[in-house]
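Model, not experiment: these values are computed from the prediction. Positions are given from 1 along the sequence.
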Amino acid sequence: MGQQGKDLEIELELQQLRQAIAAPLAEQLAQTEADDRPEGSPNPVASPSSRKPKAFIAAIALLGFVVGGSAIAALKVQQWALTTSTTIGTEIETAQKTLNIDFLKQHRQTLQTATAILEKIPNLPGFNYQQAQANLPQLRSLQTTVQLNLTATERLKLAETLAMEAAVLVQNPPHPLEVWAKAREKWQEAIGHLQSISPDSIVSSTAQQKLSSYQTNLTIINQRMATAQKAVGFNNRGAAEISKRDYRRAIQYFNQAIALNASQPEAYIGQGIAYSELGNNLQAIQHYDKAIQLNPNFAEAYYNRGLSHYELGNEEKALEDYNLAIQNQPNYAQAYLERGGAHYALKDPSAAMADFQQAAQLFSQQGDTQNHKLAQKIIDYLQATTESNSDESDQADYQECWDAWGNPCNEIHYYVPPRTSKNSGGVNVPNPEENSNSIRTPSRTRGGSFRSRRRR
């Protein structure tokens, strides 16, 4: 009789016993199987080639023996465990050659079940106690080998996945510093998995070959990172020179940063600000365009480009850029302030008032006292002119509003605190001479709407 017929015979003999104990046992076995099975994989019990039905029958028969069930069934289950202990070694060897994690897990479960059955075979007449004890060392040794190879294979597969992710990250260089840093982290993690693989495992040779290759790749990534870090250092020096209003020197630093890493959007923003402060807004816009091309979600790039458009007399384009800045950074107080100025210049005082009020609220929440005072001063002025309904005020030039406060237009600046860009992932670096992983986004000390220029 074939193995299938034997399994069916055992099932029939244990039908009554199973009704009494199957529910709690099935729950326990199902939990064990769920722990072993990878997420999303099909249930191996449903597979005709799976060994799980045998393990399930064997476990029930063994319990049947313990609680006084059929001795014949227990003997048949005993025979299954003994036969399995002598034949499973060949099956495991085949599974290990394929490096199939699911097969290795199935064989681990079969070994655990067979071992548990043999350990409970009593030293009584009619039971193969001596044979069971003789086979147990081999089963336990196979369990250790299967577990070692299963762990090693899983670590190898994980290392290969991380290596692929790292390689995809750095395709089509150059890249910003944070991209190189993420790639390095993945290579380091992949190398760690390979180094933890036992030299006694079946994948040891493969792991060592990949380890050498991965370490070479990590060396290349470290070199790219070092170059990107130098670029960050030049960028931060440029930002410091903008704070000192030495715009020509700032441009030199930004040029050096771009020469080392042309994918650094902060350096293009810095160039744009420097050229704008030197009166060349057309060239500034070109640099902002490049920054946006590199990072379409960079709020500071849209904001500064809006300032340049405004200074060139194009309030509509300025308004579009302020909208995009706010869209990408909803709490961007300076963008609300400047958008209010653009709305006012476009004869939309209601929208202007709403933006000025939002700017004042955000400045207050962010602890920016000077800019909050400025926004509130604008609000008070607009409210006063609305109440007076003065024709002269209605036709007043936007820049003349600031003159009404007794301040000459070309002397009015507003304070912009050092900013941390959510897009750059960095913080301001107090010492610009240090090469740091944290990149500084340059910022102005005054805004476009409050700068002196001839209105059309």
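- A donor atom on one side chain and an acceptor atom on the other are not found under 3.5 Å apart for Ser201 and Asn149.
- Listed for the Ser204 side chain is no donor-acceptor partner under 3.5 Å among the backbone atoms of Asp200.
- Taking every heavy atom of both residues into account, His193 and Arg155 meet most closely at CB-O, 3.8 Å.
- A donor-acceptor pair under 3.5 Å is formed between the side chain of Tyr336 and the backbone N or O of Pro330.
- Contact of the Ile292 side chain with the Leu324 side chain is not registered, since no non-hydrogen atoms from C-beta on lie closer than 4.5 Å.
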Just do the side-chain contact (heavy atoms from CB on, under 4.5 Å) check on Asn331 and Gln366 with the steps written out, would you? CA-CA 9 Å; Asn331 294 329; Gln366 296 165 8; 4.1 Å; yes
What's the verdict on side-chain contact (heavy atoms from CB on, under 4.5 Å) for Leu374 and Leu337, showing C-alpha distance, side-chain angles and the deciding distance? CA-CA 10 Å; Leu374 174 61; Leu337 189 69; 4.2 Å; yes
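- Using a 4.5 Å heavy-atom threshold, the side chains of Ile285 and Leu312 count as touching.
- Atoms CG and CG, on Asn371 and Leu362 in that order, are 11.5 Å from each other to the nearest 0.5 Å.
- Around atom CD of Gln365, more than 12 heavy atoms belonging to other residues, nucleotides or ligands sit under 6.0 Å away.
- One N or O on the side chain of Tyr268 and one on the backbone of Ala262 form a donor-acceptor pair closer than 3.5 Å.
- Going from atom CG of Leu177 over to atom CZ of Arg224 covers 13.0 Å, rounded to the nearest 0.5 Å.
- With respect to Glu241 and Lys244, a salt bridge is recorded, a charged nitrogen being found less than 4.0 Å from a carboxylate O.
- The two residues Phe254 and Ala239 have their closest heavy-atom pair at CZ-N, 3.5 Å.
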Chi angles and distances behind the side chain to side chain donor-acceptor pair (under 3.5 Å) call for Thr151, Gln147: CA-CA 6 Å; Thr151 301; Gln147 184 59 56; 3.1 Å; yes
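- Comment: Glu160 engages Lys210 in a salt bridge, judged by a side-chain N to carboxylate O separation of less than 4.0 angstrom.
- Using modelled atom types, no side-chain atom of Ser212 and backbone atom of Gln208 make a donor-acceptor pair closer than 3.5 Å.
- A cation-pi geometry, defined here as NZ or CZ lying under 6.0 Å from the six-membered ring centre and within 45° of its normal, does not hold between Arg305 and Tyr302.
- Between the side chains of Asn280 and Gln283, at least one donor N or O lies within less than 3.5 Å of an accepting N or O.
- Using modelled atom types, one finds no donor on one side chain facing an acceptor on the other under 3.5 Å when comparing Asn304 with Glu300.
- Remark: Tyr288 OH to Gln271 CD distance equals 10.5 Å, nearest 0.5 Å.
- Taking the six-membered ring where tryptophan is involved, the planes of His175 and Trp180 are perpendicular, since the angle between them exceeds 60° and thus also 30°.
- In this structure, CZ in Arg140 is found 13.0 Å from CD in Gln112, a value given to the nearest 0.5 Å.
- Judged by distance alone, the side chain of Ser141 and the main-chain N or O of Pro137 form no donor-acceptor pair under 3.5 Å.
- Between Glu315 and Leu319, every side-chain heavy-atom pair lies at or beyond the 4.5 Å cut-off.
- Between Ile251 and Tyr275 there is a side-chain heavy-atom pair separated by less than 4.5 Å.
- Expressed to the nearest 0.5 Å, how far CG of Leu150 lies from CZ of Arg108 amounts to 5.5 Å.
- Contact of the Gln334 side chain with the Phe363 side chain is registered, since non-hydrogen atoms from C-beta on lie closer than 4.5 Å.
- Leu294 and Gln264 get closest at one heavy-atom pair: CD1-N, 4.0 Å.
- Scanning all heavy atoms of the two residues, the minimum distance from Leu148 to Ser198 falls at CD1-OG, 3.8 Å.
- Taking each heavy atom of Ala228 and Asn261 in turn, the nearest pair found is CB-ND2, 3.8 Å.
- Glu266 and Asn236 form no side-chain donor-acceptor contact under 3.5 Å, judged by distance and modelled atom types alone.
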Please walk me through it: do Asn235 and Tyr253 pass side-chain contact (heavy atoms from CB on, under 4.5 Å)? CA-CA 6 Å; Asn235 176 85; Tyr253 281 128; over 6 Å; no
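- Between Gln143 and Val146 the shortest side-chain heavy-atom distance does not fall below 4.5 Å.
- Note: Arg339 CZ to Asp355 CG = 4.0 Å, rounded to the nearest 0.5 Å.
- The minimum heavy-atom distance between Ala207 and Leu156, with the atom names listed, is CA-CD1, 4.4 Å.
- Distance alone, capped at 3.5 Å, is enough to place a donor-acceptor pair between the Thr115 side chain and the Leu111 backbone.
- Side-chain N/O atoms of Gln209 and Ser213 include no donor and acceptor closer than 3.5 Å.
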What's the verdict on side-chain contact (heavy atoms from CB on, under 4.5 Å) for Gln357 and Met353, showing C-alpha distance, side-chain angles and the deciding distance? CA-CA 6 Å; Gln357 289 174 336; Met353 176 64 78; 3.7 Å; yes
